Enquirer: 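One structure, as structure tokens, below. Some questions next.
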Amino acid sequence: MVKRVGELAGNSKTWGFATTGGTESNIQAMRVAKKGVAKKEGKLSKGKLGKSEKGNIVVPESAHFSFDKISDLLGVEIRRAPLDEDLRVDVGGVEELVDDNTFAMVGIAGTTEYGQVDPIEELGKIADERGIFLHVDAAFGGFVLPFLGRRDWGFVKGVDSVSIDPHKMGFSTIPCGVLVFRENVMDRLAVDTPYLTHRSQYTLTGTRAGGSVVGAYAVMRHLGWEGYTKIVKECMRITHLMKEGCEELGLEPVIEPVCNVLCVRCDRAEDVKNELMRRNWYVSAVGEAIRMVMMPHVSERTVEEFLRELKDILRKYN
Ligand SMILES: *Cc1c(COP(=O)(O)O)cnc(C)c1O
């Protein structure tokens with residue numbers, strides 16, 4: 001499982017473990033980083049953060065809310081770097097926020113709200129130069145981007161860990177996330193487990209269910225990378241149909257869809273969303289936009305029905 005997920009991120013020689021999802025993976029990655037991992041000439045070594053120092057993590061403004069939990073749990077400051085006009089993190093903004101107490105940087109491959117991918121290669125350069133741990137949160141994009149032929153987001157130079165959730169776009173049952181590391185740094189999380197047959201444990205949860213992990217592995221074996229490629233290509237085709245349909249209704253996309261997530265600008269987005277929800281269409285509103293995720297069950301017919309209803313609602317509101 002770890003090997004296969006590592007493969008998705010561009011490196012099958014990884015270390016890692018299954019988690020309950022993206023939140024836990026992010027927590028664990030940040031714990032590894034905080035436990036004194038810094039880089040010297042690209043290799044991970046003992047960190048520069050003293051025991052008493054709290055440190056900070058530089059994340060994009062678009063980072064998932066799990067980083068608020070991390071701030072609380074680890075007692076560290078989260079610094080949010082601004083985004084550029086395409087809603088990717090602004091690399092200059094990241095550089096400005098990084099200081100001697102920064103022990104981790106985060107890039108996102110498939111942002112939760114817009115499905116955008118940060119310039120991971122550029123973040124990798126900063127991470128290597130400054131000797132900072134770099135984590136890529138690909139909870140959503142990890143099962144999308146490789147099947148669109150993108151190789152610029154996973155274990156590129158400078159990246160130390162990647163989080164990918166089979167339970168998002170991997171066709172697997174909840175809960176199943178996977179966290180993979182470029183080097184074997186998991187020992188930094190190990191605690192002794194005297195009463196168990198295993199001597200130590202590095203996962204966050206203790207006793208846990210293995211069913212969904214086995215299930216996720218079985219799905220991966222069953223579909224194969226070709227199976228996922230077909231599914232993802234179809235999701236992207238549906239996403240573009242939806243985009244064109246929205247444009248015909250005068251709703252412009254906030255960014256060109258990168259993953260199967262579409263956000264379109266819409267006046268009174270919140271009201272339109274509420275009316276859609278009343279009619280059993282589950283979408284969300286982000287800022288002044290309607291956000292739609294074209295999961296694999298969304299068919300061409302569904303898009304047509306949705307657009308008809310959306311047209312009707314827009315007529316009433318405008
Ligand atoms: C969904 C998501 C998470 C959180 O994952 P959970 O499985 O809900 O814990 C973290 N990061 C990103 C980018 C996500 O899309």
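Start at 1 and go down the list; that is how both ligands and their atoms are numbered. Bear in mind that the values here come from a model prediction, so they are computed numbers and not experimental data. Just the heavy atoms: all of them, side chains too, but no hydrogens, waters or symmetry mates, feed the values below.
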Enquirer: Counting from 1, what ligand 1 atoms have a heavy atom of T23 closer than 4.0 Å?
Expert: 4 (C), 5 (O), 6 (P), 9 (O)
Enquirer: Is there a donor-acceptor contact under 3.5 Å from the side chain of H167 to the main chain of I174?
Expert: no
Enquirer: Check each atom of ligand 1 against the heavy atoms of K168 and keep those under 4.0 Å away; list them by number with element.
Expert: 1 (C), 2 (C), 3 (C), 4 (C), 5 (O), 14 (C), 15 (O)
Enquirer: Enumerate the atoms of ligand 1 whose separation from the nearest heavy atom of D165 is less than 4.0 angstrom.
Expert: 5 (O), 7 (O)
Enquirer: Out of all atoms in ligand 1, which are within 4.0 Å of some heavy atom of G21? Include the element for each.
Expert: 7 (O), 9 (O)
Enquirer: Just to confirm my output: which protein heavy-atom neighbour is closest to atom 7 (O) of ligand 1, and how far is it?
Expert: H167 NE2, 2.8 Å
Enquirer: Just one of H135, R182, E183 clears the side-chain hydrogen bond (donor to acceptor under 3.5 Å, both in side chains) bar with S161, so which one?
Expert: H135
Enquirer: For Y202, is there any backbone N or O sitting under 3.5 Å from a side-chain donor or acceptor partner on Q28?
Expert: yes
Enquirer: Using distance alone, decide if ligand 1 has a nitrogen or oxygen within less than 3.5 Å of any nitrogen or oxygen in S66.
Expert: no
Enquirer: What's the separation between atom OG in S172 and atom CE in M1, rounded to the nearest 0.5 Å?
Expert: 6.5 Å
Enquirer: How close does the nearest protein non-hydrogen atom get to atom 6 (P) of ligand 1, and which residue and atom is it?
Expert: G22 N, 3.5 Å
Enquirer: Quick check for you: to the nearest 0.5 Å, what is the distance between I255 atom CD1 and T111 atom OG1?
Expert: 6.5 Å
Enquirer: Any N or O of F140 that comes nearer than 3.5 Å to an N or O of ligand 1?
Expert: no
Enquirer: For the pair Y228 and F147, name the ring-plane relationship: parallel under 30°, tilted 30 to 60°, perpendicular over 60°.
Expert: parallel
Enquirer: Is the closest N or O pair between D137 and ligand 1 shorter than 3.5 Å?
Expert: yes
Enquirer: When you measure from the side chain of T19 to the backbone N and O of G21, does any donor-acceptor pair fall under 3.5 Å?
Expert: yes
